[in-house]
Amino acid sequence: MSSGSVKVIVTSGRTLNQGRAMEKGKITQDYEDAVALCEMGSTTMEALGIENGDTVIVKTGLGKINVKAKLNKNLPEGMAFIPCGPYFNYLLDSYTQCTGMPGFKSLEVTITAARGAKIQTVEELTQKMKEGI
Amino acid sequence: MAEHLILKNGVVFDPMNGIDGEVMDICISDGKIVEKAPANAKAVDLKGNAVMAGGVDPHSHIIGSKLNVARVTSPEVNRHHPYPATSKTRSGVAGIIPSSFATGFLYSAMGYTTVVEPALPATKALGSWEEIEDIPGLDIGLLPLFCNSMITFKYVEEGDIGGLAAYIAWTLKKVGGLGVKVVNPGGTYAWAYGKNVCGLDDEVPEWDVTPRSIMTGIAQAVQDLGLPHQMHFHPTNLGRPGNVHTTMQQLDAIKSVKPSGKKKEVVHLTHMAFDCLGVVEEGMANWKDVASGGLIFADYYNKNKHFTTDLGQITFGQSMTMTGDGPFQHSLYLLTGGKAKWSNIPVDVELPGGAGIVPFTFEPKSPANAVQWVGSLEFALSIKDLWRLFLSTDHPNGGPFLKYPLLISWLMSKRQRDIWLEMVHKFAVERSTIANIEREYSLNDIAITTRAAPAKILGMDKTKGHLGVGADADVAVYGFNPEKTDLGKNPDLILKHFAQAQFTFKGGVQVSKNGIVAKQIHSRVHTTHPKLNEALSARIDRELEEMMSKWFSHSFSNYPVPARYREHLEIPRVIDSTSVQA
Amino acid sequence: MTEVGNTFKDIVCTFCGCLCDDIIIEVDGEKIVKNTNGCAISKERFVGHMENRCLQPTVKGNPVTLEKAIQRAVEIIASSKRLLIYGLSSTENDAQREAYRLAEITGSVVDNTTSVCHGPTILGAQESGETTAALAEVRHRADLVIYWGANPAAAHPRHIPHYIRQPGEYIKDPKKDRQIWLVDVRETTTTRMVDRFLKINPATDLEVIQTLRALIRGTKLDVTEVGGIDIKELEEIATAMKTAKYGVLFFGLGLTQSWGRHRNIDAAIRLIQDLNAHTKWGLMPMRGHYNVSGANKTSTWVTGYPYAIDFARGYPRFSPGEYTAVDMLARGEPDAMLNIAADPVAHFPRAAVAHLASIPVINIDPKFNMTSQLAEVNIPAAIAGIECDGAATRMDGLPLYLKKVIDPPDGVIPDRDILRMMIKSLEKVMK
């Protein structure tokens, strides 16, 4: 896999750390650490040639965002997980099929390795959205 | 707000005080009816209008989670019935299950001032008090359910009626209840096992209790406590053809209960239209053979004085059935071929198995519906003593309370009944004696069955249901002249005037005029606080803490409704129950 | 209130829909020092209640008095043509009731976070009804508990240990007498806590549920697998469900947010209804925000509808997909937003956030959140259940009273009082 990129389905959801950090406060390092990450299985990591903790770029038709890769041996090939929060939502379209509910659970994305690339803080991400980027 | 009023020259119907259509003045001061109003009282001329006490409805589901489940699962019943806000009143919806503000306003518009919610799961009482904050213009009571609770079963099993009475007293105080409701005793509990009960001596799973021991035990406990309202009773076998016989058996069983002495009635059988279905001669107990049970039950009613009842009249059109009778609601769902939206709400230990909700449309052309419709009318027109009856639709089961004027028209007008008999399935005539009944309720009869009798049945007749000195100044004025209007010949006038009172006064405050509510005032909540002797009180605190800690999923200390939700609304009535032995 | 010195017993935890009410809170002077019985998140909520706090009202980032902040908020509201009021699930019932009043007098849209959690559950129930369960009944009777698309270990940490893996009146040994199963598209931390894990393929929930319905009705299916599960195993599952004495299905956002949305819930409700022809079953949504059930309840009794309500015509109208917050924002309709006790900037998709960023936002929250970074007006609030009292509703509909255990920071008042100030001021402006 020399391209250094894989296509997977990303699902989002709650984690204990995300819940704790949210209760502590959103504008904290804890919160960023809890939600600016992408869990994937070992096959996916190998394909990307990355290690636990490396930065990856997750991309959809709507945009791309840097998050930290996290090994989750239980995730099957072709599936990744990003905790619910602003990093996942940055990639998500707003179409709700007229139900009010966006498609939080299955997003087709491309993941690319980007070891060493910077991850935006929660404040930077908000600023970015404020400026409409 | 006018503090003092003289309502002059109205034609007054006040059966509790023996007044049947007399022109007289009603004086109001500080929310009460008084002998003579102060000199600065504002006079309102009611010449040519009918005047009655505010309507009293002891059985109408207007509060609680079952209503919200119905609203949420069936928004279609409300979508076409908006209730717009005004500068003085809040908005809402006014369909089959009106929203909270609209509920209060719609009752005020009809001249009703007292309404009792007859099915409160006590664990959820806090939510009910919060809702009442948003139901304006009424005096309200809540009847907690005791019939399918493991705590009740424990005391009944041990034959410990004192313990049972103490549990009831404790609950009424802690959650703010007015009286005691019983629904399909043992049956709703059995529903936690997917079962039901039907016979008086059927087994209830896991417990050595029967429908008989539960209903008689609770009825006796209510009498021993001396509660103002007798046990409010929804029997087993609801909605089953032929159940008039099992209902009479159950009422017979409750005859063994000793009255407290204040009243001779020991049970209130509610929504008899659902409890008193007959079958044709040689018929089977099924819907094909259903016949009116009205005459049979009227005969029983005329001979047996230990109970009171209400109609639970079905009114045709869309309704929403909701009862604490889980297995009945499931059977109704099966009756629709599993098509209906069936909801079931268990409420922890107080209602294992749970209440159920099924939207239902009563069709005039349905033979079964036509027979059920006619049965309760036949009953109401065949009984002698109207003081043991009140009018109801078991809102929203038989139809919304907004249909009361229609029910009144069927009772007051033979002409109206004939018009309807043309429209409904022929079984209504063939399987009842309705076509031969000439009787028409008078305005006095209506005043009895919508005000005076329900107030007496609730044990609130000191201040409610009449216009004598000392009564609360709850007054309904209807815009027709009883001396010149023949309502029996003009049923449309009944519909018009009883739907929109000319004026409604609640506690001396004019809340509506011509059916338009222009004043939003807080409701009040009437509760009963039985005072136990010290020994029994100490015992029940200890035993309930033990049982609730074991059986409930929340903490014992979080069970009572805190004063902050109650004190500004509650009118507690302390009664002496110290004679109940520990 | 049970108070021993500075220890409060039977406190209700206001994190998730479990509303565990056995929490013991110890307060030392002006600090909460200990939370006993609470889960890791509960401890963070109580002990960390002063972390990341917003203590000062601001307008455009500048500190102002509370009165000035309210004044600016009222200016924004009064001059807007299409206000969106949103949030309300992490606050107590009285604040919600004031929000509806505000929506009514301003002719606004009011939506709560239900629209992005269990909104589809409500839409499913509108098709089929709601055959629910209660937590005590489950503890006493359930011999088969299934979690579907839910991860309680992360989102409702005490759901299993406090309510489910407990002995009940008729379930003496919760390990032996009660089976706990989990259905999900991936292994989660909950997987380790259950007796059986069934992994299904993503976006096949509806197929699997409908297959179970068919099997329970005795239909033979000519397939080898559905959703990645062998048909033989599905047959065995169907039989187990039919023969359980008392079953309960707890479902999470894995069912409401995934492919099929409300259709999944509709099918799940029908599955449970079908099972009641054979034995006793109920189902219950795993409600997330501690009082999102309360938001539905208060909204429903006040307006007739649970969420997505428009007051533009002077009475409530209900239309999910139209008056739901994400749809409103994505179509660029609101010209101002009042956000209470939620964080749409963190939890809404990008296009919705983009519009939100372009309009004046009034944000009421105890803490700094992402929405406060974008809001023109920020007003700090007391935390209900810690710094002020109130009432909330548990996921099974049980109302509980929330106690106050400590004073809020100086000058910080409850959501309901902030909203009342706004209403009072608006009534003057709008006269």
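A quick note: this is a predicted structure, and the numbers were derived from the prediction, not measured. A note on names: the letters A, B, ... follow the listed sequences, proteins ahead of strands, and every chain is numbered from 1.
Remark: side-chain polar atoms of B:Ser149 are paired, donor with acceptor, to backbone N or O of B:Ile151 under 3.5 angstrom. Judged by distance alone, the side chain of B:Asp134 and the main-chain N or O of C:Trp301 form no donor-acceptor pair under 3.5 Å. Without hydrogens or angle criteria, C:Thr114 side chain to C:Gly119 main chain gives no donor-acceptor distance under 3.5 Å.
Neither the backbone nor the side chain of C:Arg313 comes within less than 4.5 Å of any heavy atom of chain B. Only the side chain of C:Tyr246 comes within contact range of chain B, judged by heavy atoms closer than 4.5 Å. With a 4.5 angstrom heavy-atom cutoff, C:Val138 does not touch chain B via any of its atoms. Within the 4.5 angstrom heavy-atom criterion, no atom of B:Ala70 approaches chain C. Within the 4.5 angstrom heavy-atom criterion, only side-chain atoms of B:Arg564, from C-beta onward, approach chain C. B:Tyr333 touches chain C through its side chain: at least one heavy atom from C-beta onward sits under 4.5 Å away, while N, CA, C and O do not. In this structure, chain C has no heavy atom under 4.5 Å from any part of B:Lys195. Of the two parts of B:Ile357, neither the backbone nor the side chain holds a non-hydrogen atom closer than 4.5 Å to a non-hydrogen atom of chain C. When heavy atoms are compared at a cutoff of 4.5 Å, C:Thr131 approaches chain B by way of both its backbone and its side chain. For B:Ser65, no part lies near chain C; criterion is any non-hydrogen pair under 4.5 Å. The part of B:Pro562 that comes within reach of chain C is its side chain, from C-beta onward, which places non-hydrogen atoms under 4.5 angstrom from that chain. Within the 4.5 angstrom heavy-atom criterion, only side-chain atoms of C:Glu104, from C-beta onward, approach chain B. Using a 4.5 Å cut-off between heavy atoms, B:Phe556 makes no contact with chain C at all.
Using cut-offs of 30° and 60° for the angle between ring planes, the B:Tyr189 and B:Phe153 rings count as perpendicular. Aromatic ring orientation, B:Tyr107 versus B:Phe401: parallel (interplanar angle below 30°, classes split at 30° and 60°).
How far CD of B:Glu350 is from CD of C:Glu137: 12.5 Å, rounded to the nearest 0.5 Å. Here B:Ile345 contributes atom CD1 and B:Leu351 contributes atom CG; the two are 9.0 Å apart, rounded to the nearest 0.5 Å.
Using a 4.5 Å heavy-atom cutoff, the side chains of C:Tyr315 and B:Val93 are not in contact.
Interface summary for chain B: among C:Gly124, C:Gly168, C:Ser299, C:Gly390, the most heavy-atom pairs under 4.5 angstrom belong to C:Gly390.
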